[in-house]
Number of protein chains: 2
Amino acid sequence: METRELRYFVAVAEELHFGRAALRLGIAQPPLSRAIGQLERRLGVTLLERTSRTVALTEAGTVLLREGRAALDAVAAAERRTRRAALGAAELVLVTKAGASSELLPRLLDAYAAEPGSVAVDVVLCGIGQQEGLLRDGRADVALLHLPFDSTAGLDFEELGTERQVLVLPAGHPAAARESLTMAEAISVPGLPPPRWPGSDGPGPEIRDHAQLLQLIALGRASAVLPASVRSQLRPELTTVPVVDAPPVTTVIAWPPHSRSRPLALLIRTATRL
Amino acid sequence: METRELRYFVAVAEELHFGRAALRLGIAQPPLSRAIGQLERRLGVTLLERTSRTVALTEAGTVLLREGRAALDAVAAAERRTRRAALGAAELVLVTKAGASSELLPRLLDAYAAEPGSVAVDVVLCGIGQQEGLLRDGRADVALLHLPFDSTAGLDFEELGTERQVLVLPAGHPAAARESLTMAEAISVPGLPPPRWPGSDGPGPEIRDHAQLLQLIALGRASAVLPASVRSQLRPELTTVPVVDAPPVTTVIAWPPHSRSRPLALLIRTATRL
DNA sequence: CTAATTGATACCCGTGCGGTATCGATGCGC
DNA sequence: GCGCATCGATACCGCACGGGTATCAATTAG
């Protein structure tokens with residue numbers, strides 16, 4: 001199977017429409033129909049059920065969509081990492097959620113920079129849930145993740161530390177006076193609904209990163225249960241209340257398997273020793 | 001980057017010889033040279049240093065070899081899993097080292113078969129260190145691994161249990177009378193050298209799986225430190241002595257990320273409940 | 001019943017992949 | 001030192017295949 005065929009199939013499978021998929025791919029519709037047909041014939045598998053009005057994935061098509069995306073990511077990662085390796089510009093790209101790990105990250109960067117043999121670290125801040133994608137397709141080398149929110153599926157990782165969670169809310173709110181809260185109480189604070197995380201549907205604005213989230217809380221429009229370390233970066237108008245039964249959050253440093261370059265290994269070792 | 005280009009590059013990078021690589025690929029040498037040249041030009045990267053007598057990998061080439069193999073595995077996995085999904089023959093392929101987990105595996109298979117909604121499980125026994133490859137390229141769905149010997153790099157896994165290690169040796173040997181041994185003593189038992197594991201070099205025969213290993217020990221030609229559960233399958237002429245300071249062995253059930261099909265999830269759940 | 005939409009088919013053209021023949025460079029034997 | 005063998009690169013050629021346009025066939029909305 002060629003990557004071109006995979007790209008074509010993934011486009012059609014995502015659009016469920018040959019015309020739109022062809023447009024997205026920058027080719028005409030007939031060659032696309034033919035390519036998919038050839039792919040199906042070569043695999044001996046029906047990937048799409050199509051009438052002249054609708055296109056639907058078969059069981060096998062669903063599998064190929066998932067696996068094909070992963071394969072395309074792997075190819076893209078190979079290309080990106082090769083290019084970066086050739087630049088000789090030995091540097092690491094570290095990705096973390098904007099607004100998260102604000103306490104740990106500077107310490108890590110300082111400690112790493114002080115190590116002999118360390119290289120430049122490019123810090124990329126991204127939205128929630130995007131880190132794994134960046135690692136998988138080679139745009140990043142290493143990430144700080146927070147279990148159990150982020151998934152380490154397909155990644156190697158080391159635990160860096162665990163912290164309890166607190167409810168973040170405006171200082172003036174009645175609930176701010178409480179000594180502690182339960183999870184049930186925290187998610188039902190009057191007037192301060194929990195934010196809508198990406199992927200979930202529902203009313204209200206969807207937040208994209210921690211900075212947005214804190215702003216939303218400061219506006220008195222939401223509250224959120226977050227790792228205790230956010231306290232170090234809170235503006236004075238925000239306060240926190242411990243949530244006793246919230247699951248503890250584990251910060252981990254994660255990297256793609258089979259990629260422990262020397263600078264990366266050093267960074268990981270530095271992180272675990274903090 | 002097309003998979004064809006990746007296949008070509010990996011072949012040359014492994015052979016370090018255009019002629020042999022072309023032979024292996026079933027094409028002539030000139031098109032191969034051209035293809036590699038085009039790939040380098042498109043990437044803007046020198047992958048191979050070549051004189052008219054030698055071919056050597058550059059730094060970037062080393063990266064592309066590693067990443068390219070992973071990407072090709074991912075593509076192969078996509079193809080295999082799609083074909084299998086289309087057969088509709090819902091079945092799982094479980095892979096484990098021949099001779100290992102001989103106690104756990106039957107219990108797991110029995111318990112799983114008794115679950116409603118379980119599917120046929122195809123058990124594949126392979127040599128040491130081959131399981132991860134089978135998982136990565138889609139020939140298997142799930143594996144039983146033994147930490148710290150096997151690597152879980154790039155795999156999801158759940159721990160199933162931990163056991164101590166024992167030295168396995170012929171019953172008649174003087175050391176068999178000992179109550180316990182240290183690791184240092186175990187690997188230097190007179191006349192019974194530890195076997196040569198795949199990947200390491202040295203004198204003596206290289207063993208490929210646990211069955212071979214046990215036979216070698218029965219012949220009085222070797223001894224080995226193995227998980228305590230081997231005792232359940234030892235022939236009477238073999239005996240064991242606890243090794244007090246050997247690292248404990250953890251048996252894990254591992255699977256490729258993003259592939260928790262319903263039957264697989266059930267198998268994993270069954271395993272963790274054993 | 002007609003028109004619009006959408007995927008499949010027919011046909012043509014040009015790129016590019018693979019083949020053979022050959023060159024140029026390098027190392028080795030005599 | 002000279003010829004020879006080895007090996008990668010280059011030149012050139014033919015054809016397969018990917019992509020384009022035009023059109024058909026099937027389905028559905030109005």
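In what follows, every chain begins at residue 1, and chains take the letters A, B, ... in the order their sequences are listed.
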Enquirer: Could you grab the distance from atom CG of L267(A) to atom CZ of R262(A), nearest 0.5 Å is fine?
Expert: 14.5 Å

Enquirer: Just jot down the side-chain hydrogen bond (donor to acceptor under 3.5 Å, both in side chains) partners of R80(A), sequence neighbours excluded, or say none.
Expert: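 Testing R80(A) for side-chain hydrogen bond (donor to acceptor under 3.5 Å, both in side chains), a comparison that skips the adjacent residues, returns none.
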
Enquirer: Which is true for R4(A) with a 4.0 Å heavy-atom rule: it touches a base, it touches only sugar-phosphate, or it touches nothing?
Expert: sugar-phosphate

Enquirer: Work out which heavy atom in R83(B) is nearest to a heavy atom in R42(A); give both atom names and the distance.
Expert: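 Closest approach of R83(B) to R42(A): NH2-O, 3.5 Å.
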
Enquirer: Can you tell me how far the CD1 atom of I253(A) sits from the CG atom of L155(A), to the nearest 0.5 Å?
Expert: 12.0 Å

Enquirer: Can you tell me how far the CG atom of L72(A) sits from the CG atom of L6(A), to the nearest 0.5 Å?
Expert: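 One gets 5.0 Å once the value is rounded to the nearest 0.5 Å.
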
Enquirer: Using whole Å, what does the distance between atom C1' of nucleotide dC7(D) and atom CD1 of I36(B) come to?
Expert: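 It works out to 15 Å between those atoms.
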
Enquirer: In whole angstrom, give the distance that lies between atom CG of L32(A) and atom C1' of dT21(D).
Expert: 16 Å

Enquirer: With a 4.0 Å cut-off, would you call R4(A) and E2(B) a salt bridge?
Expert: no

Enquirer: Between which nucleotides of DNA chain C, read 5' to 3', does contact with chain B run, using atoms under 4.0 Å from its heavy atoms?
Expert: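 Going 5' to 3' along DNA chain C, contacts run dC17(C) to dG27(C).
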
Enquirer: Please report, rounded to the nearest Å, how far the C1' atom of dG8(D) is from the CG atom of L48(B).
Expert: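 So the two atoms are 11 Å apart, to the nearest Å.
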
Enquirer: Which whole-number value in Å describes the distance from I27(B) CD1 to dA16(D) P?
Expert: 18 Å

Enquirer: Pull out every protein N or O sitting under 3.5 Å from an N or O of nucleotides 24-29 of chain D, one pair per line with the distance.
Expert:
unit_1  : atom_1 : unit_2 : atom_2 : d
dT27(D) : O4'    : S52(A) : OG     : 2.8

Enquirer: For Y8(A) and S33(B), find the nucleotide of DNA chain D closest to each by heavy atoms; which residue's nucleotide sits nearer the 5' end?
Expert: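 Whichever sits nearer the 5' end wins; that is S33(B).
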
Enquirer: Is the shortest side-chain N to carboxylate O distance from E115(A) to R269(A) below 4.0 Å?
Expert: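 Here E115(A) does not pair with R269(A) in a salt bridge, since their nearest N and O are not under 4.0 Å apart.
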
Enquirer: If only side-chain N and O atoms of R50(B) are considered, is one of them under 4.0 Å from the OP1 or OP2 phosphate oxygen of dA9(D)?
Expert: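 Looking at the OP1 and OP2 atoms of dA9(D), one of them is under 4.0 Å from a side-chain N or O of R50(B).
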
Enquirer: Whole Å only: how far is the CZ atom of R42(A) from the C1' atom of dG18(D)?
Expert: 12 Å

Enquirer: Side-chain contact test, heavy atoms from C-beta onward, threshold under 4.5 Å: evaluate it for D150(B) versus K97(B) and give yes or no.
Expert: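 Side chain of D150(B) against side chain of K97(B), heavy atoms only: contact under 4.5 Å found.
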
Enquirer: Take Q38(A) and P31(B), find for each the nucleotide of DNA chain D with the closest heavy atom, and name the residue whose nucleotide sits nearer the 5' end.
Expert: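 It is P31(B), whose closest nucleotide lies nearer the 5' terminus.
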
Enquirer: Can a salt bridge be assigned to the pair E14(B) and R66(B) using a cut-off of 4.0 Å between side-chain N and carboxylate O?
Expert: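 Not counted as a salt bridge, because no side-chain N and carboxylate O are separated by less than 4.0 Å.
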
